[in-house]
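Just so we're on the same page: letters track the sequence lines, and every chain starts at 1. Keep in mind that the numbers below use all heavy atoms, side chains included, and drop hydrogens, waters and symmetry copies. Predicted model, so just to flag it, every value in this text is computed and none were measured.
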Protein chains: 2
Amino acid sequence: MMFSMKVSDTDSSKSMVMSLAKGFRVLEVFDAREPELTLSQIAARAELDPGTTYRLAKTLVMLGYLLPAEGKRYRLGLKVLDLGFNAFGQMDLNTIARPILRSLMGPINEAASIAVLDGPELVYVERLQMPLGRLGISQRVGARVPAFCTAIGHAILAYLPLEERLQILNAKPRTKMTPNTPVTIPEIESRLQKVRELGYAVSDQDTVIGVRVIAAPIFDPDDRPWAAISAAAPWMACSLQEFVEHTAPAVVSAAKQLTKVSRISGSTGFTPARRGA
Amino acid sequence: MMFSMKVSDTDSSKSMVMSLAKGFRVLEVFDAREPELTLSQIAARAELDPGTTYRLAKTLVMLGYLLPAEGKRYRLGLKVLDLGFNAFGQMDLNTIARPILRSLMGPINEAASIAVLDGPELVYVERLQMPLGRLGISQRVGARVPAFCTAIGHAILAYLPLEERLQILNAKPRTKMTPNTPVTIPEIESRLQKVRELGYAVSDQDTVIGVRVIAAPIFDPDDRPWAAISAAAPWMACSLQEFVEHTAPAVVSAAKQLTKVSRISGSTGFTPARRGA
DNA sequence: AATATAGTTTCGCATTCCGAAAGGAGTCCA
DNA sequence: TGGACTCCTTTCGGAATGCGAAACTATATT
């Protein structure tokens, strides 16, 4: 008996349909830099046998996800967009956002929200909260809060042009909510600089005593920040560092996903209307 | 020996990787109406064995294209968008459009173009033409033509609000280019009504003698028509009816694809700049 | 024309996937 | 509370499907 052992046993689990994974590997090697690839290029990039690659490519062409281009090359079919468009294109953003918010919640985070910027204020458009949450706050969807003092506000403000930022910050008097609340322009600007460096905003009891929040911005197709997503944890859940390490990557990733999906999801944006019960 | 014959031999060609096709069937059953499906629902819709469905779903979850949702349900992962975003998101629209234009050309159609509306005029932003084309016209990229008399113009105007339409139509004097050119507002409005009914505009030597054109609109995320794509054939290539039957579906489909892709492709739009040689 | 490179097909083997059926897990209803 | 139901998950044997090496063909390169 011959052992044609698999070189890389990356497929961490058994009973995985390998042909399917390989098929996606083929699609995934395409990018904007080289939109058309020959079979051998595909095979090399996807680390697949030429014969196998040929068969997979043929199949994908049949399905319409890959198209034959001139000169024995292939390019991605626009049908790859249909998968997303059929499902997400007609879905309203709140519906898409809810599972993402849920994925942010867990033993540490007890609430997750999305708010959009409306003038100098934020409007909560979607929020999830643990049933037995010990968080004092309980912002309802539709509630408005000032932008200058919240993590969500910072996440958005940090990426706005200076002029607009100042306009928003100076639109209303800024009052301290907690001892931590940054109120002077230099204090806030220093925070925003840090947001730009990290890609997310951290609030350690800036707005409500005992509550920490991490937020990341959601951009429109023109790369303007128009909303942000946040996750909040009670002060006693863990150390600040643990909170950041645990939550920041998830929040940033969620924001990126929403940035992407908001592009295809019409230009309708979120709606603060409550559906259902 | 047992014959476990395939019930439906839909796989039209041999050496097709069936698992791959089945995997896509799984993803394709998701739509906005029911964003979360149970395994049995997936199996039923995709017409797959429960066991097979389970294995495929497991694989897709591993790959990130499917996500487990609450209550033994699955929903589409936003990763399905990555396929398109990685490839098309960073690509400029002209690059994406060119293969689409090429696909419109053939024995009948000898030229294909995209133009955007700029005030009362159209600007050609991309154009392909058969080398030995017998078409008299040869619009260069960047050329400007009046909107009122061309198929591309009609395709766009038909979907603009009446007020804007009239503003554009009345911006400049309308002169007959050929005996067919519609010049009065009633004539043009009647054409536009037909465009709205059919979904595409037909020009039978309206602008240039001997040239027929079919065009369909490209919409922005707010559903405003901002560009259109067209295919042109010489008068003698075939009958008008043959031309329409052959070309209209392809042009409409191309326009829909561009509408979709223009959503994710930033808000940069087309550029009339000529790249490369 | 000859060589090299890349694409396509063939082919035999065994791996991988399939499907039936059994074993759980959860739910509904009495 | 129990039983019946549905649906999810796993096991298992078998075979067919897909794999990869290699042969063959087409295309480019010198």
Asker: Should B:K22 be listed as having a side-chain N or O under 4.0 Å from OP1 or OP2 of C:dC18?
Answerer: yes

Asker: Nearest-Å distance, CG (A:L56) to C1' (D:dG18)?
Answerer: 9 Å

Asker: Is B:E70 salt-bridged to A:R102, cutoff N-O under 4.0 Å?
Answerer: yes

Asker: Taking CE from B:M18 and C1' from D:dG18, how many angstroms apart are they, rounded to a whole number?
Answerer: 11 Å

Asker: Please lay out, stage by stage, how A:L78 and B:L258 fare under the test side-chain contact (heavy atoms from CB on, under 4.5 Å).
Answerer: CA-CA 9 Å; A:L78 287 174; B:L258 284 169; 5.7 Å; no

Asker: To check you understand the geometry: which heavy-atom pair defines the closest contact between B:R45 and B:V29, and what is its length?
Answerer: NH1-O, 3.3 Å

Asker: Measure from CD on A:Q41 to P on C:dA6 and round the result to the nearest Å.
Answerer: 9 Å

Asker: Taking only N and O in the side chain of B:R55, is any of them less than 4.0 Å away from OP1 or OP2 of C:dC17?
Answerer: no

Asker: Taking the side chain of B:V17 as its heavy atoms from C-beta onward, which of D:dC19, D:dT10, C:dG7 lies nearest to it?
Answerer: D:dC19

Asker: When the distance from CD of A:E70 to C1' of D:dA28 is rounded to whole Å, what number comes out?
Answerer: 16 Å

Asker: Assess the pair A:F24 and B:F24: is the distance between their ring centroids shorter than 6.0 Å?
Answerer: yes

Asker: Using a cut-off of less than 4.0 Å, is there contact between a side-chain N or O of B:T52 and OP1 or OP2 of C:dC17?
Answerer: no

Asker: Could you work out which one of D:dC8, D:dG18, D:dT27 sits closest to the side chain of A:K72?
Answerer: D:dT27

Asker: Report the distance from atom CD of B:E47 to atom C1' of C:dG19, rounded to the nearest whole Å.
Answerer: 16 Å

Asker: Looking at A:S40, does any N or O in its side chain come under 4.0 Å of the phosphate oxygens OP1/OP2 on C:dG7?
Answerer: yes

Asker: If you only use heavy atoms from C-beta on, which nucleotide in D:dC19, C:dG7, C:dC18 is closest to the side chain of B:S19?
Answerer: C:dC18

Asker: Nearest whole Å is fine: how far is C:dG7 P from A:I42 CD1?
Answerer: 9 Å

Asker: Could you tell me how far apart B:L48 (CG) and C:dC17 (P) are, to the nearest whole angstrom?
Answerer: 14 Å

Asker: Roughly how far, to the nearest 0.5 Å, is the CZ atom of B:F88 from the CG atom of B:L93?
Answerer: 11.5 Å

Asker: Let me know, please, whether B:G51 or A:T38 comes out on the 5' side of the other along DNA chain C by nearest nucleotide.
Answerer: A:T38

Asker: Of the nucleotides D:dC19, D:dT9, C:dA20, which has the atom closest to the B:D49 side chain?
Answerer: C:dA20

Asker: For the pair made of OH in B:Y54 and P in D:dT9, what is the distance, rounded to whole Å?
Answerer: 5 Å

Asker: Map B:L20 and B:P50 onto DNA chain D by nearest heavy atom, then report which one ends up closer to the 5' terminus.
Answerer: B:P50

